[in-house]
K.L.:
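This is the structure I want to talk about, given as structure tokens.
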Amino acid sequence: MNGRDNTSGPEGIGGRGDGVRAAESRSLRTVPGETTRNRRRPVPARLRPRDVVRVAGAGLRARPMRVFLSALGIAIGIAAMLAVVGISTSSQEHLNRRLAALGTNLLTVAPGRSIFGEQSHLPSESLGMIGRIDGVTSVTATGTVPAKVYRHDRIPETESGGIAVMATRTDLLGTVGAKVADGVWLDAATSQYPAVVLGAEAADRLGIATAGPRTQVWLGGRWFTVVGILHPVPLVSSLDRTALIGWPVAESELGFDGYPTHVYTRTRDDAVTRVRDVLAATANPEHPEQVEISRPSDALAAKEAADETLTSLLLGLGGVALLVGGIGVANTMVISVLERRAEIGLRRSLGATRGQIRLQFLGESQLLSALGGAGGVVLGSLVVTLYASTQEWPTVIPLWASAGGLAATLLIGGVAGLYPAVRASRLSPTEALAAH
């Protein structure tokens, strides 16, 4: 009897008393070195990260249309910024590839003006002298011919279309990086006869699409056969609006004085600066101050610099759109607090702390901004890809732009949700429930 009572009583071994004490010990936190009375403290409730995400997601799913519109504001801002950066970067990469293909080692020499304002000219020996500079790989020239070109001989003289006539050397193509689109280029034989090669824009103005023996233009008072048409020349765009004839026929038939107007010099990549420093004195030793030197690739670089100004403006507009999206998130969260005071009061009554309420609403704001940011990155990437493909550019979207866009949305979500979260946490349970 006593043995049974001892085993089944509250203090018995294996009885209910051990089970109660075991359950009690699991609900208490024991701190070593403290008394039994001080050791027994209730374990505070904590929201785990997945609980925060679950609660925040439930709050957003309850208002899908409002969430969609707020996230859309963030998405538009991020997409605008990412599209501007991506299009600018793709354009830059396209330019770099063009320059790599064309080469940045082309220098152009042209005559300037004297101290009295008169137009000077380069000596006819300048080509040979420039060709002897160490580091120069090729040199060629064109010269202005006092003649005009027309589609036929019945067009009035004043309607020339602004097409210049230039005498040229046969090695022009390789030096300036030009290519023939139709027909052939001038050679040692055709450069002595009335044959002409048209630039891309000149051919378009004259209404000529193909070259051949039956295609002729009226040039300098006589017929010239169009033997070729050039592709556009990016580094020397002036050739696009030019009719090019041989140097010998220009001197013998059209009164060309033989002085080069432009000397194109191709150098080794490591010798561009050194050649440029001595080019003026070499081209015209008597008057080097009357020589103008330019680097055609610098014009393309200058155009890119101008595009960067527009890019900065568009980035500013994207930032404004992003700010508007952040205001939308803040507005959504404030309204959410006002509408959910009863829920907040119920949670507080059930034991939720102020910190947990703040964490819940901050989680909703961050999740809302993250959804908008992810959508903006996808939308911006699609815009860049479509635009680059229409321009035949490589698609380049910097990783820092995508990562920075997402980071910006999280920052905006934190700032936009801070005030509503603090406001929600300060509601007392009785006040919140009474308001409902």
K.L.:
What's the shortest heavy-atom distance between Trp218 and His152, and which atoms?
P.N.:
CB-C, 3.8 Å
K.L.:
Do the side chain of Ser252 and the main chain of Pro248 share a donor and acceptor less than 3.5 angstrom apart?
P.N.:
yes
K.L.:
Are Thr168 and Leu239 side-chain neighbours, meaning at least one heavy-atom pair lies under 4.5 Å?
P.N.:
no
K.L.:
Do Leu235 and Val176 touch side chain to side chain, with heavy atoms closer than 4.5 Å?
P.N.:
no
K.L.:
Starting at CG of Asp204, measure out to CG of Leu198 and round the result to the nearest 0.5 Å.
P.N.:
11.0 Å
K.L.:
Short question: side chain of Trp247, backbone of Ser191 - any donor-acceptor pair under 3.5 Å?
P.N.:
no
K.L.:
Check whether Thr215 reaches the backbone of Ala211 with its side chain - one donor and one acceptor, N or O, closer than 3.5 Å.
P.N.:
no
K.L.:
Under 3.5 Å, is there a donor-acceptor pair between the side chain of Arg205 and the main chain of Arg241?
P.N.:
no
K.L.:
Grab the two heavy atoms, one from Ala283 and one from Val109, that are nearest each other, plus how far apart they are.
P.N.:
CB-CG1, 4.0 Å
K.L.:
Looking at every heavy atom in both Ser238 and Tyr264, which two are closest together, and how far apart are they?
P.N.:
OG-OH, 4.5 Å
K.L.:
Given side chain to side chain contact (heavy atoms under 4.5 Å, CB included), test Trp185 with Thr190 step by step and report yes or no.
P.N.:
CA-CA 9 Å; Trp185 176 243; Thr190 55; over 6 Å; no
K.L.:
Once you round to the nearest 0.5 Å, how far does CD1 of Ile74 lie from CG of Leu69?
P.N.:
13.0 Å
K.L.:
Would Thr144 and Thr261 count as a side-chain hydrogen bond (donor to acceptor under 3.5 Å, both in side chains) if you check the C-alpha gap in whole Å, the side-chain angles of each, and the deciding distance to 0.1 Å?
P.N.:
CA-CA 6 Å; Thr144 302; Thr261 305; 3.2 Å; yes
K.L.:
Of all heavy-atom pairs between Gly135 and Ala271, which one has the smallest distance, and what is that distance?
P.N.:
CA-CB, 4.0 Å
K.L.:
Between Ser402 and Leu82, does the side chain to side chain contact (heavy atoms under 4.5 Å, CB included) criterion hold? Intermediate values first, please.
P.N.:
CA-CA 7 Å; Ser402 301; Leu82 187 63; 3.9 Å; yes
K.L.:
One pair to check against side chain to side chain contact (heavy atoms under 4.5 Å, CB included): Thr282 and Val275. What are the steps and the verdict?
P.N.:
CA-CA 10 Å; Thr282 304; Val275 172; over 6 Å; no
K.L.:
If you define the side chain from C-beta out and look only at heavy atoms, does anything of Val236 sit under 4.5 Å from Leu106?
P.N.:
yes
K.L.:
Within the distance-only criterion (no hydrogens, no angle test), does the side chain of Ser91 pair as donor or acceptor with the backbone N or O of Ile87 below 3.5 angstrom?
P.N.:
no
K.L.:
Can you check whether Pro194 reaches Arg222 side chain to side chain, under 4.5 Å on heavy atoms?
P.N.:
yes
K.L.:
Please check if the side chain of Ser369 supplies one atom and the backbone of Gln366 the other of a donor-acceptor pair under 3.5 Å.
P.N.:
no
K.L.:
State, without any angle test, whether Asn105 and Arg268 hold a side-chain donor-acceptor pair at a distance under 3.5 Å.
P.N.:
no
K.L.:
Any side-chain heavy-atom pair from Arg151 and Ile208 closer than 4.5 angstrom?
P.N.:
yes
K.L.:
Can you list the steps and then say if Val422 with Arg358 is a side chain to side chain contact (heavy atoms under 4.5 Å, CB included)?
P.N.:
CA-CA 6 Å; Val422 172; Arg358 283 196 300 268; 4.1 Å; yes
K.L.:
Report yes if some heavy atom in the side chain of Arg274 is under 4.5 Å from a heavy atom in the side chain of Thr267; otherwise report no.
P.N.:
no
K.L.:
If you measure from CG on Leu371 to CG on Leu72, what distance do you get to the nearest 0.5 Å?
P.N.:
12.5 Å
K.L.:
What's the shortest heavy-atom distance between Ile245 and Val165, and which atoms?
P.N.:
CD1-CG1, 4.1 Å
K.L.:
Could you tell me if the side chain of Asp153 sits less than 4.5 Å from the side chain of Trp223, heavy atoms only?
P.N.:
yes
K.L.:
Look only at the side chain of Asp240 and the backbone of Val233, and say whether a donor-acceptor pair between them is shorter than 3.5 Å.
P.N.:
yes
K.L.:
Indicate yes or no: at least one non-hydrogen side-chain atom of Glu286 is less than 4.5 angstrom from one of Pro123.
P.N.:
no
K.L.:
Which heavy-atom pair separates Thr108 from His262 by the least distance, and what is that distance?
P.N.:
CG2-CD2, 4.0 Å
K.L.:
How far does CG of Leu107 sit from OG1 of Thr175, to the nearest 0.5 angstrom?
P.N.:
12.0 Å
K.L.:
Using 0.5 Å steps for rounding, measure from the CD1 atom of Ile412 to the OG atom of Ser365.
P.N.:
10.0 Å
K.L.:
Would you say Tyr193 has more than 12 foreign heavy atoms packed within less than 6.0 Å of its OH?
P.N.:
no
K.L.:
As an exercise, state the distance from OG1 of Thr395 to OH of Tyr387, rounded to the nearest 0.5 Å.
P.N.:
12.5 Å
K.L.:
Can you list the steps and then say if Arg169 with Asp171 is a salt bridge (Lys or Arg N to Asp or Glu O under 4.0 Å)?
P.N.:
CA-CA 6 Å; Arg169 301 285 184 176; Asp171 54 359; over 6 Å; no
K.L.:
Is it true that a side-chain atom of Ser90 and a backbone atom of Val396 form a donor plus acceptor pair closer than 3.5 Å?
P.N.:
yes
